Amino acid sequence: MKVGYVQNAPVFGEKEKNFNQIRELLKGVKADLLVLPELFATGYTFMSEDEARELGETKDGKTAKFLKELSNETGATIVGGFVELDGQNIYNSSLIVSKGGVIDTYRKIHLFNKEKLWFTPGDKPLKVYDINGSKIGVMICFDWIFSEVIRTLALEGAQVIAHPCNLVMPYCQNAMITHCLENRVFDVTANRVGSEKRGEDDFTFTGGSQITSFDGQVLSSAPSNAPYVSVIDIDEKKSENKMINKYNDIFKDRRTEFYKF
Ligand code: ACM
């Protein structure tokens with residue numbers, strides 16, 4: 001299958017401008033799976049709950065409409081971040097969109113830093129989507145540091161992890177090499193670039209979007225400071241083989257009786 005990412009440089013609060021940048025970056029691109037960054041259309045650095053609510057949408061809002069169009073144009077299943085409103089709750093979510101329709105939303109379960117001040121922690125189970133025969137698991141940014149997340153998705157049969165990000169620390173890209181290796185899954189981490197200085201926060205996002213193979217190879221790596229698109233071919237079925245040599249199946253060899261959690 002053809003999998004890829006878009007690394008964009010959003011302007012805070014300028015959804016139309018940010019949609020247009022993604023449209024330009026994806027001109028002529030065809031793929032089976034495309035991953036966009038966390039909060040790719042709004043920007044990241046909110047200063048209040050009201051501000052997050054103001055930029056929020058339901059799963060039938062204009063970000064969903066944009067992604068539905070994009071899925072038709074590219075032929076791809078698209079996973080990309082948005083601020084999800086549901087009743088009084090505000091979630092840091094990703095839309096999962098395929099063939100012009102919204103399949104689901106994933107709500108980030110591990111909130112980072114001040115996200116805890118405006119977002120509600122995700123309340124839906126980690127889930128693997130069977131899309132055209134490929135098994136896609138979804139997590140968002142800081143979820144990566146909890147190895148239970150990728151492990152759970154891998155145990156549930158994920159072949160490819162779609163991972164929208166707004167990374168501000170330098171660790172994730174290297175960590176994904178180990179996470180992919182220890183679960184024998186592929187990962188597509190889509191990060192953003194640029195800086196946001198708002199209120200008392202001043203974040204620089206680290207780019208370096210990355211596609212990592214089930215055997216720990218980095219198959220694609222974006223620059224740290226510029227928008228970028230990459231689409232590559234992978235054989236996602238290779239992740240179904242959990243043998244790392246003739247004697248070790250990394251899932252069957254687990255000794256769960258010794259693990260506390
Ligand atoms: C993050 O979770 N956006 C660092």
Side-chain angles (χ1 to χ4, degrees), residues 5-13 15 18 22 35-49 51-53 55-57 63 79-85 89-96 105-124 126 137-153 161-180 187-212 221-225 227-228:
Y5 57 78
V6 182
Q7 174 168 293
N8 70 335
V11 180
F12 188 89
K15 283 188 195 172
N18 299 331
I22 302 257
V35 184
L36 272 49
E38 178 182 17
L39 301 169
F40 73 89
T42 56
Y44 179 79
T45 315
F46 299 100
M47 295 195 294
S48 68
E49 185 180 321
E51 200 175 55
R53 194 179 303 282
L55 287 168
E57 300 172 23
T63 300
V79 179
F82 79 124
V83 179
E84 182 180 10
L85 301 181
N89 290 341
I90 313 173
Y91 298 95
N92 181 345
S93 294
S94 279
L95 282 153
I96 299 115
T105 65
Y106 165 70
R107 298 169 169 171
K108 185 177 187 177
I109 58 177
H110 299 98
L111 298 176
F112 178 71
N113 201 346
K114 287 188 187 167
E115 291 173 31
K116 291 191 173 195
L117 303 183
W118 19 92
F119 293 125
T120 300
D123 52 4
K124 291 158 86 170
L126 292 164
V138 180
M139 64 179 191
I140 298 177
C141 207
F142 194 51
D143 283 334
W144 74 264
I145 212 164
F146 302 87
S147 37
E148 294 88 344
V149 174
I150 305 183
R151 176 68 98 201
T152 299
L153 291 169
I161 309 293
H163 185 207
C165 282
N166 273 192
L167 294 162
V168 291
M169 298 191 294
Y171 313 118
C172 173
Q173 289 88 343
N174 282 337
M176 290 316 295
I177 295 172
T178 305
H179 283 323
C180 286
D187 170 72
V188 183
T189 290
N191 195 16
R192 61 162 286 183
V193 291
S195 295
E196 282 178 3
K197 188 167 169 42
R198 307 195 74 248
E200 56 195 18
D201 292 316
D202 186 358
F203 290 128
T204 295
F205 301 90
T206 58
S209 297
Q210 182 170 296
I211 303 175
T212 312
S221 180
S224 62
N225 56 3
Y228 197 76

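For ligands, and for the atoms within them, numbers begin at 1 and follow the listed sequence. These numbers were taken from a predicted model, which means no experiment stands behind them.
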Close side-chain approach of Met176 and Ile161, heavy atoms under 4.5 Å: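 Sidechains of Ile161 and Met176: no contact.
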
Evaluation steps, side chain to side chain contact (heavy atoms under 4.5 Å, CB included), between Phe203 and Asn166: CA-CA 10 Å; Phe203 290 128; Asn166 273 192; over 6 Å; no

Side-chain donor-acceptor contact under 3.5 Å, Thr204 with Ser195: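 Present: a donor and an acceptor within the cut-off.
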
Quick one: ligand 1 N/O to protein N/O pairs below 3.5 Å?
| from | atom 1 | to | atom 2 | distance (Å) |
| --- | --- | --- | --- | --- |
| ligand 1 | 2 (O) | Lys108 | NZ | 2.7 |
| ligand 1 | 2 (O) | Phe142 | N | 3.1 |
| ligand 1 | 3 (N) | Glu38 | OE1 | 3.0 |
| ligand 1 | 3 (N) | Asn166 | O | 3.2 |

Row check, Tyr44 ring normal vs Arg192 NZ/CZ: under 6.0 Å, within 45°: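 No, cation not above the ring by the 6.0 Å, 45° rule.
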
Set of side chain to side chain donor-acceptor pair (under 3.5 Å) partners for Lys124, sequence neighbours left out: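 Side chain to side chain donor-acceptor pair (under 3.5 Å) check on Lys124 returns Asp104, Thr105.
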
Exceeds 12 heavy-atom contacts within 6.0 angstrom, atom CZ of Phe146: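 Count over threshold, so yes.
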
